[in-house]
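Just passing along the structure, written as structure tokens.
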Amino acid sequence: MPSKGWFNLETAGGVIPETQFFEGDSAFKFLGLTRTQRLYGFVGCLIIGFALSILGSVLLFLSQLGSFAVLYTIGILVSLVGTGFVIGFASQLKLMFKPVRLIATAVFLGSVGLVFVGAFVLGNEILCIIFVIIEYLAYTWYNLSYIPYARSAVLKVVGMS
């Protein structure tokens, strides 16, 4: 018997619209995943990524700088990979390097590398924290680019527009 309720999207009779995010080749199309399963994969990656980032942050306070850098960055990257369940990895790569996201993507990827430099080459916790803040802000700015007018709204809220 299929489960009922608001969270069972398959039995909702098409509540999820066929939008650009569910068209084309998903990275997992060859597995035959349904829209609901792909959404579960997306949400699961977000949760796992968040948990890894939090665990990494705890390790920073325990003076485990290398473990912090690895776990925090893997957490952010797992969250980013989660969109592959929805739009596919090839589509995501194309979208990441569109002009509207290019700077945010470059700053994000650069800061990922700088977190490792700060942790493993320089061994400096303060620089690691600064690079993680930059990484987080770039990741947030990147994600906001997918929401219409979100960047403008954020700029207005912080008084920069």
Inset, instruction - Kindly determine whether F120 and V70 satisfy side chain to side chain contact (heavy atoms under 4.5 Å, CB included), including the steps that lead there. - result: CA-CA 10 Å; F120 295 112; V70 170; 3.8 Å; yes

Legend entry - Among I130, I129, T73, the one residue meeting side chain to side chain contact (heavy atoms under 4.5 Å, CB included) with V115: T73

Inset, instruction - For residues A104 and A138, report the shortest heavy-atom separation together with the two atoms involved. - result: O-CB, 3.8 Å

Inset, instruction - State the SG-CG distance between C45 and L52, to the nearest 0.5 angstrom. - result: 10.5 Å

Legend entry - Joint cluster assignment, V154 & M160, ILVMFWY side-chain distance < 4.5 Å: yes

Inset, instruction - Start with the C-alpha gap between W141 and R101, add the side-chain angles, then the distance that decides, and say whether side chain to side chain contact (heavy atoms under 4.5 Å, CB included) holds. - result: CA-CA 8 Å; W141 195 250; R101 295 180 192 94; over 6 Å; no

Legend entry - Atom of S145, atom of Y142 and distance for their closest heavy-atom approach: OG-O, 2.5 Å

Inset, instruction - State whether the side chain of S111 and the backbone N or O of L114 hold a donor-acceptor pair below 3.5 Å, judged by distance alone. - result: no

Legend entry - Same apolar cluster: F116 and V78, side chain cutoff 4.5 Å: yes

Legend entry - Point-to-point distance, once rounded to the nearest 0.5 Å, from CZ of F97 to CD of Q92: 10.0 Å

Inset, instruction - Report yes if some heavy atom in the side chain of I76 is under 4.5 Å from a heavy atom in the side chain of V112; otherwise report no. - result: no

Legend entry - Ring-ring centroid check F108 Y139, cutoff 6.0 Å: yes

Inset, instruction - Give the cluster check for F61 versus L71: same hydrophobic cluster or not, with ILVMFWY residues linked at side-chain heavy-atom distances below 4.5 Å. - result: no

Inset, instruction - Report whether V132 and L62 are members of the same hydrophobic cluster (ILVMFWY, side-chain heavy atoms less than 4.5 Å apart, transitive linking). - result: yes

Inset, instruction - Taking the side chain as every heavy atom from C-beta outward, state whether V58 and Q64 have any pair of such atoms under 4.5 Å apart. - result: no

Inset, instruction - Answer yes if F50 and L144 sit in the same cluster of Ile, Leu, Val, Met, Phe, Trp and Tyr residues linked by side chain heavy atoms under 4.5 Å apart, and no otherwise. - result: no

Legend entry - Nearest-0.5 Å distance, CG of residue N124 to CZ of residue F131: 8.5 Å

Inset, instruction - Check for a donor-acceptor pair, side chain of E135 on one end and backbone N or O of Y72 on the other, with a separation under 3.5 Å. - result: no

Inset, instruction - Check the surroundings of atom OH in Y136: do more than 12 heavy atoms from other residues, nucleotides or ligands lie under 6.0 Å from it? - result: no

Inset, instruction - Output the distance between atom CD1 (I48) and atom CD1 (I74), rounded to the nearest 0.5 Å. - result: 12.5 Å

Inset, instruction - Measure the shortest side-chain to side-chain distance between C128 and L60 over non-hydrogen atoms and say whether it is less than 4.5 angstrom. - result: no

Inset, instruction - Evaluate the side chain to side chain contact (heavy atoms under 4.5 Å, CB included) criterion for residues S63 and E125: first the C-alpha distance (whole Å), next the side-chain angles of each, then the deciding distance (0.1 Å), finally the verdict. - result: CA-CA 9 Å; S63 298; E125 291 181 6; 4.1 Å; yes

Legend entry - Exam field: side chain S67 to backbone L59, donor-acceptor pair closer than 3.5 Å: no

Inset, instruction - Assess whether atom CG of L109 is packed by more than 12 heavy atoms of other residues, nucleotides or ligands within 6.0 Å. - result: yes

Legend entry - pair K98-T105: side-chain heavy atoms closer than 4.5 Å: no

Inset, instruction - Compare all side-chain heavy atoms of V100 with those of R151 and state whether any distance is below 4.5 angstrom. - result: yes

Inset, instruction - Report the distance from atom OG of S79 to atom CG of N143, rounding to the nearest 0.5 Å. - result: 9.0 Å

Inset, instruction - Start with the C-alpha gap between L95 and Y146, add the side-chain angles, then the distance that decides, and say whether side chain to side chain contact (heavy atoms under 4.5 Å, CB included) holds. - result: CA-CA 10 Å; L95 292 172; Y146 287 98; 3.4 Å; yes

